[in-house]
Enquirer: 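Pasting a structure here, questions to come.
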Amino acid sequence: MHGPTLWYTAPASESNVIQEATPVGNGCMGALVGGDPARDFLYLTDSSMWLGGPNNALDADGQFSYEVKDFGSFTMLAKLYLGVNGHELSGIDDYKRELDLANGYVRISYRKDGVHYLREIFASHPDDVIVVHLSQSGGGTWSGAIDLQGTHGETTQFSPRTASSHVNGALPNGLTYAASVKAVNRSGSVSVENGTLRFANCDALTILCCGGTNYTPDVTKDYLDHSRDPLTLVEQKLEAAASLTADVLLHTHIADYAALYDTMQVNLGASTREQRGWDTWTRLQARAKPDAVADPELEAAYLQFGRYLTIAGSRDRLPTSLQGLWLGDNTPDWMSDYHTDVNIQMNYWLPDRAGLPACFDALANYCLSQHESWTAITRQHFNDPRNGFRNSSGKLAGWTVAISTNIFGGNGWWWHPAGSAWLCNSLWQHYQYTLQHDYLVRIYPLLKSACEFWEARLLTRRVADPASGLEREVLIDDSDWSPEQGPKNAKGISYAQELVWDLFNNYQQAAAILGMDAHYSSVIGGLQAKLYLPQVSSENGWLEEWMSAKNLGETRHRHLSPLIGFFPGDRITLDNSPASLIDGVIRLLDARGMTSYGWACAWRAICWARLKQAERAYQLILNNLAPWRIRGNGTAMNLFDIYQMTSDSGIFQIDANFGTPTAMLEMLLYSRPGSIELLPALPKAWAASGEVTGIGARDGFVVDMRWRDGDITSVTVHSIGGTRTQLKFGKHVRTIALQSGQSVTITPGSD
């Protein structure tokens with residue numbers, strides 16, 4: 001099908017690979033594609049290619065080592081170079097590099113000596129290979145060399161019989177790995193000459209690449225399957241793919257990819273003919289100019305790019321890390337780990353809203369596979385006397401995590417007591433969208449043991465009731481740190497109080513649905529009722545971040561820790577909470593400001609959307625879309641989100657690529673249990689006309705809607721779970737009660 005395409009008039013520079021190259025991926029194996037006609041490159045990754053291990057190394061403060069030698073790092077698999085004789089840029093015309101978002105593949109085309117040359121590059125999930133197909137029309141041929149290079153000191157091995165080459169090895173932690181490439185021709189020749197895989201006079205050529213490791217998500221095997229030989233498996237997959245034609249491989253890939261992508265279509269309005277004629281980088285730069293004309297098709301493409309990255313980076317294997325599935329070298333910032341104090345959660349705000357609930361499975365499976373390891377490391381180390389975050393009561397149960405985690409059950413940096421609650425709350429919200437009973441059964445032990453951790457951790461304190469002035473007994477978090485600022489020994493931080501309130505609330509619902517643990521659920525309900533909840537500061541009018549009227553941190557800090565009960569939580573809502581509490585939310589948001597890192601702007605945008613302040617939310621969207629050098633944070637040429645750490649360098653961090661589209665969808669639809677509101681924060685730039693199909697909503701609903709001049713003209717609500725909700729738009733309020741599989745269409749004015 002036709003759909004949004006990102007396109008460029010020049011190849012990516014290898015020296016700036018992370019900001020210019022085009023990403024492809026199948027959920028496990030990824031590549032950054034350069035597109036140079038004469039010397040193309042693919043930077044290859046496998047999501048399980050990790051250094052490090054369980055990491056029981058603690059520092060003098062009882063915190064985890066956060067060094068590569070102990071904690072580890074996501075690392076590259078290999079590099080693949082494609083050299084083509086005589087195809088230097090100076091000798092070609094009509095060059096175009098495209099990422100077809102609707103079909104999930106890259107096209108690189110140009111003309112040379114009257115011949116049209118085409119490269120199609122994609123990462124197939126069904127066949128588990130990356131495919132580079134070279135073709136032409138006009139009587140030309142392809143000649144050149146294929147160079148597979150290891151990134152960990154390996155020597156490339158060649159097989160003349162199978163026209164292939166490979167690298168393989170073992171990392172210090174025992175992880176074994178392999179990557180292999182194979183060339184398939186229908187004319188001309190493919191051979192191994194002087195340690196190089198060469199092709200000559202081919203009218204078409206298919207290059208297949210596959211990689212893998214012996215990682216397994218099984219703690220009983222220490223996450224390594226020593227019976228698995230990655231090279232054997234890789235070569236088997238290559239041979240299977242080589243038995244198929246390039247057309248079959250492409251059609252199989254598109255059918256698989258489109259089954260996910262086509263669940264949501266987005267139309268935010270029409271751009272101008274002039275804007276459509278510009279390449280993607282020119283459009284991004286033009287939209288960022290003062291008083292620029294709105295470019296709604298570009299913004300819709302950015303939203304769909306977030307969905308593309310979700311499909312490419314998160315299928316049935318490991319979840320997306322700080323840099324997703326894509327690396328430019330072997331020293332990614334923060335080891336490209338799984339940060340648990342907003343980043344990995346933000347990576348998974350999008351799938352359920354964006355018609356991609358199956359892409360959430362990678363996060364759920366990761367948490368389930370790590371649960372036993374996290375429990376053991378909590379039991380062993382959390383109450384270490386050097387740990388300033390330990391439970392001062394000496395009690396300990398359940399599990400939590402540090403701010404950073406790896407795929408081997410290891411933790412890094414500082415303990416993050418509320419991390420278990422936030423991960424569980426993400427898992428629970430996925431259930432609210434899907435209502436899958438078997439999924440709830442699987443995650444229930446995680447929820448229960450996180451409750452056990454907090455049951456052991458909470459302290460009793462007497463505080464004055466703000467309404468009556470009388471003292472009452474409340475439960476508060478022990479010594480903690482509000483991410484990532486302020487005192488490190490504060491008690492009762494708003495961040496933890498809100499997350500634990502949500503955890504206890506969600507657990508009680510889960511226990512009731514499953515008919516389990518009624519007594520323990522009652523105990524948790526009693527604890528929830530006594531939790532201290534944030535107040536509005538008498539000094540500055542903000543929602544307090546600490547149990548203090550004073551601000552103990554940075555006014556414009558990137559994190560919105562005190563607002564976690566507003567988003568992603570549902571305890572504080574615009575229509576059900578006291579006006580004074582909402583005013584405290586607004587004042588804190590105002591103080592935090594409208595500029596920050598991309599992920600922080602995305603979080604701010606969602607909060608402004610929930611406050612129905614459309615233009616403020618939209619401005620934050622535009623801030624993130626602007627080229628990053630303008631404000632020091634923003635978008636690179638390839639649409640990756642970049643934030644500035646020094647005057648001349650930027651860091652790729654993928655969370656904003658998911659958080660910003662989430663904000664856009666929250667502007668179009670806000671749902672919480674029992675309520676769906678349409679167009680709560682529609683900006684003027686999108687108001688003229690639009691249509692979105694496939695937006696997920698809580699209680700197991702999917703919504704299609706059209707609007708004109710800011711008003712809904714048609715809405716169809718589909719039920720997945722057979723529940724009821726209240727639908728709101730404009731002055732319309734209607735209760736919807738449907739059986740699973742049923743739909744209802746409402747056309748205002750024709751009821």
Enquirer: For Tyr433 together with Phe701, are the ring centres under 6.0 Å from each other?
Expert: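 Ring centres of Tyr433 and Phe701 not closer than 6.0 Å.
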Enquirer: Working to the nearest 0.5 Å, report the span between CZ of Arg556 and OG1 of Thr595.
Expert: 5.0 Å
Enquirer: Is the gap between the ring centers of Phe382 and Phe453 under 6.0 Å?
Expert: yes
Enquirer: Applying side chain to side chain contact (heavy atoms under 4.5 Å, CB included), can you list everything that pairs with Ala685, at least two apart in sequence or on another chain?
Expert: Ala294, Tyr618
Enquirer: Give a yes or no on whether a salt bridge exists between Glu452 and Arg457, defined as a side-chain N under 4.0 angstrom from a carboxylate O.
Expert: no
Enquirer: Could you go through the salt bridge (Lys or Arg N to Asp or Glu O under 4.0 Å) check for Arg287 and Glu299 one step at a time?
Expert: CA-CA 10 Å; Arg287 185 64 187 93; Glu299 290 150 26; 3.4 Å; yes
Enquirer: Looking only at the side chains, is there a donor atom on one of Asn425 and Asn506 sitting less than 3.5 Å from an acceptor on the other?
Expert: yes
Enquirer: Quick one, Ser521 and Tyr507 - any side-chain contact, counting heavy atoms below 4.5 Å?
Expert: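 A side-chain contact exists here, since the closest heavy-atom pair is under 4.5 Å.
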Enquirer: With side chains defined as the heavy atoms from C-beta onward, is the minimum distance between Tyr643 and Ser596 less than 4.5 Å?
Expert: no
Enquirer: Taking NZ, NE, NH1 and NH2 as the nitrogens, is one of them in Asp590 or Arg616 under 4.0 Å from a carboxylate oxygen of the other?
Expert: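 Between Arg616 and Asp590 there is a salt bridge, with a charged N closer than 4.0 Å to a carboxylate O.
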Enquirer: Does Lys488 make a cation-pi contact with Phe389 (under 6.0 Å, within 45 degrees of the axis)?
Expert: no
Enquirer: Kindly say whether the aromatic ring centers of Trp628 and Tyr597 come within a distance under 6.0 Å.
Expert: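 They do not qualify: ring centres at least 6.0 Å apart.
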Enquirer: Can you give me every donor-acceptor pair (side chain of residues 408-419, partner residue at least two apart or in another chain, under 3.5 Å) with its distance?
Expert:
from: Asn411; atom 1: OD1; to: Ala402; atom 2: N; distance (Å): 2.5
from: His416; atom 1: ND1; to: Thr340; atom 2: OG1; distance (Å): 2.8
from: His416; atom 1: NE2; to: Tyr495; atom 2: OH; distance (Å): 2.6

Enquirer: Going through the distances and angles, do Leu611 and Ile586 end up as a side-chain contact (heavy atoms from CB on, under 4.5 Å)?
Expert: CA-CA 8 Å; Leu611 291 165; Ile586 293 171; 3.8 Å; yes
Enquirer: Using a 4.5 Å cut-off on heavy atoms from C-beta on, say whether the side chain of Cys601 contacts that of Asn633.
Expert: no
Enquirer: Return the OH to CG distance between Tyr302 and Asn657, rounded to the nearest 0.5 Å.
Expert: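 Going from OH on Tyr302 over to CG on Asn657, the span is 4.5 Å.
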Enquirer: Would you check if there is a donor-acceptor pair between the side chains of Asn540 and Ser537 at a distance under 3.5 Å?
Expert: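 Distance-only check passes for Ser537 and Asn540.
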Enquirer: Just say parallel, tilted or perpendicular for the rings of Trp399 and Trp374, cut-offs at 30° and 60°.
Expert: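 Rings of Trp399 and Trp374: parallel, as their planes differ by under 30°.
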Enquirer: Is Arg698 salt-bridged to Asp570, cutoff N-O under 4.0 Å?
Expert: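 The answer is yes: the pair qualifies as a salt bridge.
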Enquirer: May I ask you to decide whether Glu473 forms a salt bridge with Lys530, counting only side-chain N to carboxylate O separations under 4.0 Å?
Expert: yes
Enquirer: How long is the straight-line distance from CD1 of Ile695 back to CG of Asp352, given to the nearest 0.5 Å?
Expert: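 If we round to the nearest 0.5 Å, Asp352:CG and Ile695:CD1 are 13.0 Å apart.
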Enquirer: After noting the C-alpha distance and the side-chain angles of Tyr366 and Tyr338, does the key distance pass the ring pair (Phe, Tyr, Trp, His ring centres under 6.0 Å) rule?
Expert: CA-CA 11 Å; Tyr366 174 69; Tyr338 298 121; 4.8 Å; yes
Enquirer: Any salt bridge linking Lys728 with Asp575? Criterion: basic side-chain nitrogen under 4.0 Å from a carboxylate oxygen.
Expert: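 Result for this pair is yes, salt bridge flagged.
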Enquirer: Should Ser671 and Leu669 be marked as a side-chain contact (heavy atoms from CB on, under 4.5 Å) after you check the CA-CA gap, both sets of side-chain angles, and the distance that decides it?
Expert: CA-CA 6 Å; Ser671 77; Leu669 184 149; 3.9 Å; yes
Enquirer: Looking at side-chain heavy atoms only, is the closest gap between Met664 and Trp686 below 4.5 Å?
Expert: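 Met664 vs Trp686: side chains touch.
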Enquirer: Can you find a pair of side-chain heavy atoms, one from Tyr520 and one from Lys448, that are under 4.5 Å apart?
Expert: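 In short, these two side chains touch, coming nearer than 4.5 Å.
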Enquirer: Going by distance alone, is a donor N or O of one side chain under 3.5 Å from an acceptor N or O of the other, for Gln619 and Asn623?
Expert: yes
Enquirer: So if I apply the side chain to side chain contact (heavy atoms under 4.5 Å, CB included) rule between Asp655 and each of Leu322, Thr320, Thr660, which one comes out positive?
Expert: Leu322
Enquirer: Do Ser336 and Ser321 have side-chain N/O donor and acceptor atoms under 3.5 Å apart?
Expert: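 Judged by distance alone, the side chains do pair up.
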Enquirer: Kindly determine whether Leu459 and Ser392 satisfy side-chain contact (heavy atoms from CB on, under 4.5 Å), including the steps that lead there.
Expert: CA-CA 9 Å; Leu459 300 176; Ser392 56; 3.7 Å; yes
Enquirer: Between Asp477 and Lys491, is there a side-chain N and carboxylate O pair less than 4.0 Å apart?
Expert: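 Lys491 and Asp477: not salt-bridged.
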Enquirer: Just how far is it from atom OG1 of Thr662 to atom CG of Leu350, taken to the nearest 0.5 Å?
Expert: 4.0 Å
Enquirer: Salt-bridge test for Glu666 and Arg610: reply yes if a basic N is under 4.0 Å from a carboxylate O, no otherwise.
Expert: yes
Enquirer: Report yes if some heavy atom in the side chain of Thr555 is under 4.5 Å from a heavy atom in the side chain of Trp542; otherwise report no.
Expert: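 Counting from C-beta outward, Thr555 and Trp542 do come under 4.5 Å.
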Enquirer: Any ion pair linking Glu539 and Lys550 (charged N to carboxylate O, less than 4.0 Å)?
Expert: no
Enquirer: Is any side-chain heavy atom of Gln644 closer than 4.5 Å to a side-chain heavy atom of Ile651?
Expert: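 Answer no - side chains too far apart.
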Enquirer: Quick one: do Arg592 and Glu545 make a salt bridge, cutoff under 4.0 Å?
Expert: yes
Enquirer: Compute whether any side-chain donor of one residue and acceptor of the other, for Asn56 and His381, lie under 3.5 angstrom apart.
Expert: yes
Enquirer: Rounded to the nearest 0.5 Å, how far apart are OG1 of Thr635 and CZ of Arg629?
Expert: 14.0 Å
Enquirer: How long is the span from the CG atom in Asn624 to the CZ atom in Arg604, to the nearest 0.5 Å?
Expert: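 Answer for the CG-CZ pair, Asn624 versus Arg604, is 10.5 Å.
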Enquirer: Can you find a pair of side-chain heavy atoms, one from Thr460 and one from Val474, that are under 4.5 Å apart?
Expert: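 Heavy-atom side-chain distance check fails, nothing below 4.5 Å.
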Enquirer: For Gly52, does its backbone N or O pair with a side-chain atom of Asp70 as donor and acceptor, under 3.5 Å?
Expert: no
Enquirer: So that I can tick it off, tell me whether Glu484 and Arg558 are bridged by a salt bridge, with the cut-off set at under 4.0 angstrom between side-chain N and carboxylate O.
Expert: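 A salt bridge is present here (some side-chain N lies under 4.0 Å from a carboxylate O).
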Enquirer: With side-chain contact (heavy atoms from CB on, under 4.5 Å) as the test, would you mind laying out the steps for Trp428 and Asn505 before giving the verdict?
Expert: CA-CA 10 Å; Trp428 169 256; Asn505 194 56; over 6 Å; no
Enquirer: I would like to know whether Glu498 and Arg571 meet salt bridge (Lys or Arg N to Asp or Glu O under 4.0 Å); could you show each step before the answer?
Expert: CA-CA 8 Å; Glu498 292 282 15; Arg571 189 187 70 83; 2.8 Å; yes
Enquirer: Measure the acute angle between the ring planes of Trp334 and His339, then classify it against the limits of 30° and 60° as parallel, tilted or perpendicular.
Expert: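 Perpendicular.
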Enquirer: Taking the six-membered ring for Trp, are Trp349 and His430 closer than 6.0 Å centroid to centroid?
Expert: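 Centroid distance Trp349-His430: not below 6.0 Å, so no.
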